[in-house]
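For reference, the structure discussed in these notes is given below.
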Amino acid sequence: MKKYSILLLALQVSCLSMVQAQPALYVTTSGSTGFFSETPVENISAANQKSQVVLNPGTAGIAVRMYIRDFVFPNKLMQEHFNENYMESDKFPVATFVGTVSAPPDYSQDGVYPVSAKGKFTVHGVTTTREIKGTLTVKDGKVRIAADFEVPLSDHRIEVPRLVFVKIAQVIRVKADYLLSPKN
Amino acid sequence: MYYARFLSLLLLPVFANAQDNLLDELGSLDSARRVPVQATFKSTRIVNGHSVETMRKKHLDFRISHRFGRLNLGAYQLFGLDQATMRMGFEYGITDRLMIGVGRSTSEKVYDTFGKYRILRQSTGPGAVPVSVTLLASAAFATVDREAPATDKLSYAAQLLVARKFGEKLSLQLLPTWIHRNSVLPGDEKTTLSLGVGGRFKLTKRVSVNGEYFLAANDRKSLPVPYYDSMSWGVDIETGGHVFQLHFTNSLGMIEKQFISETSGRWGKGDIHYGFNMSRTFSFDRKKTHRFP
């Protein structure tokens with residue numbers, strides 16, 4: 001019995017030391033998420049510079065959240081329409097992604113790693129299961145996550161009226177750029 | 001091997017749980033925020049009267065407004081469509097709170113100019129503000145009478161716009177108004193005090209019904225040329241950068257001095273004008289929002 005408890009203790013200690021080798025979490029609250037709608041008539045883009053991201057290197061879990069109201073458009077009328085008519089941001093204030101990074105890299109080794117994350121992607125109150133590909137860069141103890149993917153409006157019940165149909169792409173390109181710092 | 005599978009099976013709920021906690025972790029990063037209420041009205045006008053909305057910084061609003069003749073002119077005049085008066089306006093946001101505008105109306109050949117400042121913005125969250133408050137000051141110069149001294153051509157208006165958006169659909173506004181005209185018809189008073197009430201109700205995401213009424217403090221019905229309170233009903237339709245406002249009103253003029261002080265038509269007599277405002281917004285804000293690698 002004593003033997004086992006010593007073994008258990010040793011296991012716990014080794015587990016602890018494993019956890020201490022890397023930070024508990026990587027976090028940012030100023031991540032950039034941009035989207036791009038490209039049609040022959042008009043190109044529209046907007047960026048959210050306050051995206052919140054947390055990455056748990058221990059569990060490979062990743063969570064992203066952003067307020068729809070934080071998307072900034074060059075044209076403020078468009079921004080108002082985006083919030084009021086398309087995203088209905090008073091009803092659905094946030095967009096989230098909660099998932100797991102597949103084949104997570106060694107966070108103690110600087111380098112650029114192609115990764116993908118699979119999980120639940122919620123926009124406009126509609127959740128889809130998605131696998132998003134991107135790159136994860138480890139440098140100077142920080143983690144940079146970049147991704148470039150597409151979101152069909154129909155997946156999230158975002159309606160475009162027929163009058164402006166030609167001006168807004170049916171598939172929106174999304175780019176993400178998050179620089180995460182360690183947080184214990 | 002079996003053990004490993006068994007172990008991973010055991011760990012699965014732990015992982016799932018860990019991810020939910022991750023979202024909670026994000027919640028803890030978040031401080032409660034005050035969020036301004038947006039789009040109390042779709043346009044800077046309810047119908048004729050100004051709404052609390054202002055143009056955003058570096059955004060230009062080009063407005064063309066038409067009022068046709070009276071519906072009771074009958075079929076020969078195509079219910080007023082044969083006669084049209086218009087106002088053309090250029091209105092610009094200097095900051096997100098301050099805007100200026102200039103316009104020219106065919107009626108009385110009036111040049112008008114105004115400044116509009118957002119004092120308060122309705123908001124939700126900690127330190128919430130229950131109403132939006134905007135101040136409007138305007139001056140008009142009527143050039144139709146070339147012989148009149150310049151001072152007689154001038155008139156001024158000041159208005160306090162107080163609005164509240166009640167939920168997604170309903171917005172209501174009060175418009176206490178002071179107007180001074182340097183020259184008036186015999187019997188009329190130079191100063192007009194009025195309380196306006198306006199509002200809008202959204203029918204769909206892009207269409208709303210608007211209404212406004214301006215109650216004057218002084219009785220003007222017994223004047224040699226009687227004037228009446230202005231009442232207007234309309235529909236706002238928004239399509240991308242345009243807002244179309246279609247309406248019926250007993251006022252021919254489109255600036256405060258004309259529709260609040262000098263409305264000569266009566267709804268009861270069928271002195272109703274069909275009209276529309278067309279607004280096109282242009283952004284001169286060329287600032288890049290963000291560069292992506």
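Throughout, protein chains are lettered first and strands after them, A, B, ... in sequence-line order, and every chain is numbered starting at 1.
- In this structure, chain B has no heavy atom under 4.5 Å from any part of A/Val94.
- By number of non-hydrogen pairs under 4.5 angstrom with chain A, the leading residue of B/Lys58, B/Glu168, B/Gln38 is B/Gln38.
- Figure legend: cation-pi geometry between A/Arg69 and A/Phe82 absent, as NZ or CZ is not positioned both under 6.0 Å from the six-membered ring centre and within 45° of its axis.
- With hydrogens and angles disregarded, no donor-acceptor distance shorter than 3.5 Å links the side chain of B/Thr44 to the backbone of B/Thr54.
- Of the listed residues (B/Met55, B/Arg56, B/Lys42), the one with the most heavy-atom contacts under 4.5 Å to chain A is B/Arg56.
- Atom CZ in B/Phe284 sits 15.0 Å away from atom NZ in B/Lys57 (nearest 0.5 Å).
- Looking at A/Asn83, both its backbone and its side chain come within 4.5 Å of chain B, counting heavy atoms on both sides.
- A 4.5 Å side-chain heavy-atom check between B/Phe114 and B/Met99 finds at least one atom pair inside the cut-off.
- Using a 4.5 Å cut-off between heavy atoms, A/Glu159 contacts chain B through both its backbone and its side chain.
- Checked against B/Lys116 for a side-chain hydrogen bond (donor to acceptor under 3.5 Å, both in side chains), the options B/Gln159, B/Glu91, B/His50 give a single hit: B/His50.
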